[in-house]
Amino acid sequence: EKDGFDWFMLKEIAEQPKAVADTLLGRLSDTGALVLDELRLTEQELRDIDKVFVVACGTAYHAGLIAKYAIEHWTRIPVEVELASEFRYRDPVLDRSTLVVVVSQSGETMDTLMALRHAREQKAKVLAICNANGSTIPRESDAVLYTHAGPEVAVASTKGFLTQVVACYLVGAFLAQVRGVKYADEVAAIVDELRALPEKVTEVLATMEPVRELARSLATEDTLLFLGRHVGYPVALEGALKLKELAYIHAEGFAAGELKHGSIALIDQGTPVVVIVPSPLSRESVHGKVVSNIQEVRARGARTIVIAEEGDEDVVPFADHLIRVPRTPTLLAPVVTTVPLQVLACEIAATRGLDVDQPRNLAKSVTVE
Ligand code: F6R
């Protein structure tokens, strides 16, 4: 039941703090260590992993793109992210020391299932990150880490996505812990930061009224662009996908630094551009570059919608609309920055009079290749 919400999607967006908390439950010990017995790999097997593939479709693929940043940084193991529908046709290099992480909310996506079968035939170890208990993908995998998001009814994935991202962090931090890496202190600190995430998502949800208002003013647009860098780039892709599937508005996500290599020609007077700004404190500091990107698009007429951390004053002069999110370590920021984009897409679709829970041409699980 919708519990008083107009749409299942709104209900599921609101459930995200609990979904994230449930996904962390029992997996973080009081001593700061991670407990992931579900991985079912011996310590030796975990140490022998020399390459990781994350394979998924759609929104789950975006979770994989975020996973790449976190897993490579924490573990120094090379990570490739691949669309499940492309994976096996490319004849990827796989062997016993390859870990293939398949990510699927439904556990029934045929493209992802075929990719996992291919990986297992090639002797790779397959870990499923999945939400649906006992579904086909976890049954056929070597191991499974369940996201405890609860049932997702709306076709567009929201809490499914956020918990997939969190599960990917758990895998990355656990691999780092077992293998003992140079960023050990940072990984220990991350455990505390993971614990703080549900509260931060609650904070974001409490400030969504201006986003709903903004959405109503965007409902007649015919194109929206989304820009991000580092982990903000997959968030931009996710924001664009949500808008396309729900509101049937043309939307594209770009790596902000890539814009000047062609796509900036799309910007015209009044083109709405959503920019996901990394923390000014990020060690990877691309913050200044993203602030410049906002200036560049604005100088060409864009109407800028800026998502930035509380306390980031650098963006203020260039933001036509400013959406604040709580301070969060760079790699974990997608858990907070995605939420306003979900609300934006949902509200734009509702304003256009569309069926938010059942967009045209889409099914909740895609069981054909
Ligand atoms: C978008 C969406 C789809 C799914 C994709 C994979 O909101 O829901 O892009 O993410 O079809 O589905 P699962 O995760 O069930 O494999």
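As the structure lists them, so they are numbered: ligands from 1, and atoms in each ligand from 1. Sequential numbering from 1 along the given sequence is applied to the chain's residues.
In this structure, T158 falls outside the shell of residues with a heavy atom less than 4.0 angstrom from ligand 1. Residue contacts with ligand 1 include Q164, since one or more of its heavy atoms lies under 4.0 Å from the ligand.
Residue, atom and distance of the protein heavy atom nearest to atom 2 (C) of ligand 1 are T59 OG1, 3.7 Å. Atom 5 (C) of ligand 1 has C57 O, 3.6 Å as its closest protein atom, hydrogens excluded (heavy atom only). Closest to atom 12 (O) of ligand 1, if we only count protein heavy atoms, is T109 OG1, 3.5 Å. The single protein non-hydrogen atom nearest to atom 14 (O) of ligand 1 is Q105 N, 2.6 Å, given as residue, atom name and distance. For atom 11 (O) of ligand 1, the closest non-hydrogen atom of the protein is V366 CG2, 4.3 Å. In terms of protein heavy-atom proximity, atom 7 (O) of ligand 1 is nearest to E245 OE2, 2.4 Å.
Ring centroids of Y233 and F254 are separated by 6.0 Å or more, keeping the two rings apart. With ring centers used as reference points, F161 lies 6.0 Å or more from H62.
Side-chain N or O atoms of R96 include none that pairs as donor or acceptor with a backbone N or O of K123 at under 3.5 Å. Judged by distance alone, with hydrogens and angles left aside, the side-chain atoms of D268 form no donor-acceptor pair with the main-chain N or O of T271 at under 3.5 Å. Listed for the K68 side chain is a donor-acceptor partner under 3.5 Å among the backbone atoms of V79.
Atoms of ligand 1 found under 4.0 Å from any heavy atom of V155, numbered from 1 in the order shown, are 8 (O). Counting the atoms of ligand 1 from 1 in the order shown, those under 4.0 Å from a heavy atom of A60 are 10 (O), 14 (O). Here is the list of ligand 1 atoms found below 4.0 Å of a heavy atom in S104: 13 (P), 14 (O), 15 (O), 16 (O). Contact atoms of ligand 1 toward G58: 9 (O) (distance under 4.0 Å to a heavy atom of the residue).
Classification of E86 and R90 as a salt-bridged pair fails, no side-chain N sitting under 4.0 Å from a carboxylate O. Under the 4.0 Å criterion applied to side-chain N and carboxylate O atoms, D142 and R120 are assigned as salt-bridge partners.
For R360 and Y248, the positive end sits near the middle of the six-membered ring, less than 6.0 Å away and at most 45° from its axis.
Considering backbone and side-chain atoms together, K242 places an N or O closer than 3.5 Å to an N or O of ligand 1.
Contacts of E108 with ligand 1, taken as heavy-atom pairs under 4.0 Å, are absent altogether.
For the pair V54/E82, no side-chain contact is recorded, criterion being any heavy-atom separation below 4.5 Å from C-beta on.
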